[in-house]
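This report concerns only the one structure given below.
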Amino acid sequence: MVRRFMEDDVANQEIISVIIPTLNPGSQITVLLDKLIGQSLPPVEIIVVDSQSDDGTPALVSQYIASHTGQNISFIGIERKDFDHGATRDMALRESSGDFVLFLTQDAMPANERYIENLMRPFSDEKVALVTGRQIARPDARPAERLVREFNYPKQSHIRDASDIERLGIKAFFASDVCAAYRRSAYLAVGGFEHPIDTNEDMLIAAAFLHAGYKIAYEASAEVVHSHNFTLRQQYKRNYLMGKEIQKHAALLGGAKVAGEGMALVKYVIQGLAKGCHFCEIIRFCFDCAARLLGNRAGASAGAKLQNESSSEW
């Protein structure tokens, strides 16, 4: 029997789908599936999209599906080389049946059984196209990473529209497919995710939504546990890709700058570390900031070069 969404104040009998891209998640994929089917507002379907995991994930998910025959869980396997942050998610969304489609990464664990119920709440406003949840740092997170999560994912919920772009700058487009929900009709109306794309497919579609007259919500009560202790090399690479994609799509983002927001983050984290007497962590965080800055600048340079090459082809 198909279960339907029955929240009086959000939507009337709408279907919810959840999509999880995976690559070697190990046993945490079954933990995540357990948390999803145990939600106060469980999804009608769950789709796992795996990029040729070699840790036994396909077998694990297949066994889970076989032992949970009452749940609508499906598995899609793709070649690792074919994974694309935009194209793969777009493919999975179009395979799904949900009026609302939720994305989770394999390491984002709902903090409680009301995650989906809370994430869906802002959709009571029919102009809301995208809702992102709050990310809480894992217990093993470094002090600086914990403060970064606090800065980027505060306790206060909010809704933004195009009128907020001038005031917020790049922050107006802030979104994360680590834990996000999309209104299917709005997603299709703006053409879906950009692809091919190395990262920031969420930020770019957020910009498309705002420019098309939709709203974006941040729902702080919808919490997942998620964080990373990146090495300096990993931080550089991550920010290189971000800088490249932001520069490539500067027109869509209105040329919004990230520098001001970056300085506010640095100030918040250093003040928090000093207050907690994490003085060695302050030194490491300064190197982390350097890796972010250098990566972002190198990526922006590469993105500008790609823009010029694309323009010259015309």
Side-chain angles (χ1 to χ4, degrees), residues 28 104-105 107-112 114-115 118-119 122 131-160 164-180 199-200 202-203 206 216-243 246 256-300:
Q28 69 183 359
L104 277 170
T105 54
D107 57 345
M109 294 293 169
N112 54 56
R114 295 174 67 91
Y115 166 70
N118 291 338
L119 192 67
V131 182
T132 55
R134 184 182 183 208
Q135 298 182 33
I136 300 173
R138 292 162 50 94
D140 64 352
R142 300 182 69 94
E145 172 67 1
R146 191 172 301 279
L147 288 164
V148 168
R149 297 286 155 176
E150 289 179 6
F151 180 86
N152 285 332
Y153 304 96
K155 295 180 180 180
Q156 298 76 32
S157 301
H158 62 262
I159 296 178
R160 356 189 249 284
D164 295 304
I165 296 175
E166 183 175 356
R167 175 177 60 89
L168 295 175
I170 197 75
K171 196 72 173 179
F173 311 125
F174 185 79
S176 175
D177 280 338
V178 165
C179 54
T199 188
N200 286 101
D202 36 26
M203 172 184 283
I216 299 170
Y218 166 70
E219 181 53 57
S221 68
E223 299 175 335
V224 298
V225 178
H226 176 264
S227 59
H228 292 288
N229 291 322
F230 286 128
T231 65
L232 297 181
R233 182 184 295 274
Q234 289 171 325
Q235 196 66 270
Y236 176 91
K237 181 178 180 181
R238 180 172 181 268
N239 280 268
Y240 175 90
L241 295 175
M242 290 173 61
I246 289 173
K257 305 296 184 184
V258 299
E261 186 65 21
M263 288 306 299
L265 169 64
V266 170
K267 182 179 179 181
Y268 180 88
V269 173
I270 290 180
Q271 287 180 341
L273 292 175
K275 185 177 180 180
C277 298
H278 297 292
F279 301 114
C280 291
E281 186 73 4
I282 291 176
I283 296 173
R284 189 194 181 283
F285 181 65
C286 288
F287 282 104
D288 184 86
C289 289
R292 292 171 187 253
L293 180 61
L294 293 172
N296 189 274
R297 287 183 174 177

Yes or no on side-chain hydrogen bond (donor to acceptor under 3.5 Å, both in side chains) for D288 and Q235, after CA distance, side-chain angles and deciding distance? CA-CA 7 Å; D288 184 86; Q235 196 66 270; 3.2 Å; yes
Who passes side chain to side chain contact (heavy atoms under 4.5 Å, CB included) against A300, sequence neighbours left out? Q247
In chain order, what residues pass the salt bridge (Lys or Arg N to Asp or Glu O under 4.0 Å) check against R233, with sequence neighbours excluded? none
Correct closest heavy-atom pair for R284 and T231 would be NH2-CA, 4.2 Å
For the student: nearest non-hydrogen atoms of S157 and A220, plus distance: OG-N, 2.9 Å
If the condition is ring pair (Phe, Tyr, Trp, His ring centres under 6.0 Å), which residues does F151 pass it with, not counting sequence neighbours? Y268
Determine which pairs satisfy side chain to side chain donor-acceptor pair (under 3.5 Å) with at least one residue from residues 135-144, sequence neighbours left out, and list them in order. Q135-R149, Q135-Y153, Q135-S176, Q135-H226, R138-D140, R142-E281
Sequence-distant partners of F230, ring pair (Phe, Tyr, Trp, His ring centres under 6.0 Å), two or more places apart: H228
Quick check against the 3.5 Å criterion: does T132 have a side-chain atom that pairs as donor or acceptor with the backbone of Y218? no
Test side chain to side chain contact (heavy atoms under 4.5 Å, CB included) on I165 and F173 and set out the steps. CA-CA 8 Å; I165 296 175; F173 311 125; 3.8 Å; yes
Taking every non-hydrogen atom, the tightest pair across Y115 and L104: OH-CD2, 3.8 Å
Do any N or O atoms from the side chain of N296 and from the backbone of R292 form a donor-acceptor pair under 3.5 angstrom? no
Would you name the heavy atoms of I282 and I270 that are closest together and state the gap between them? CD1-O, 4.2 Å
Between D164 and I159 the two heavy atoms that sit nearest each other are OD2-O, 4.2 Å
Only counting residues at least two apart or in another chain, list the ones meeting salt bridge (Lys or Arg N to Asp or Glu O under 4.0 Å) with E223. R134
Of all heavy-atom pairs linking R160 and A172, the shortest is NE-O, 2.8 Å
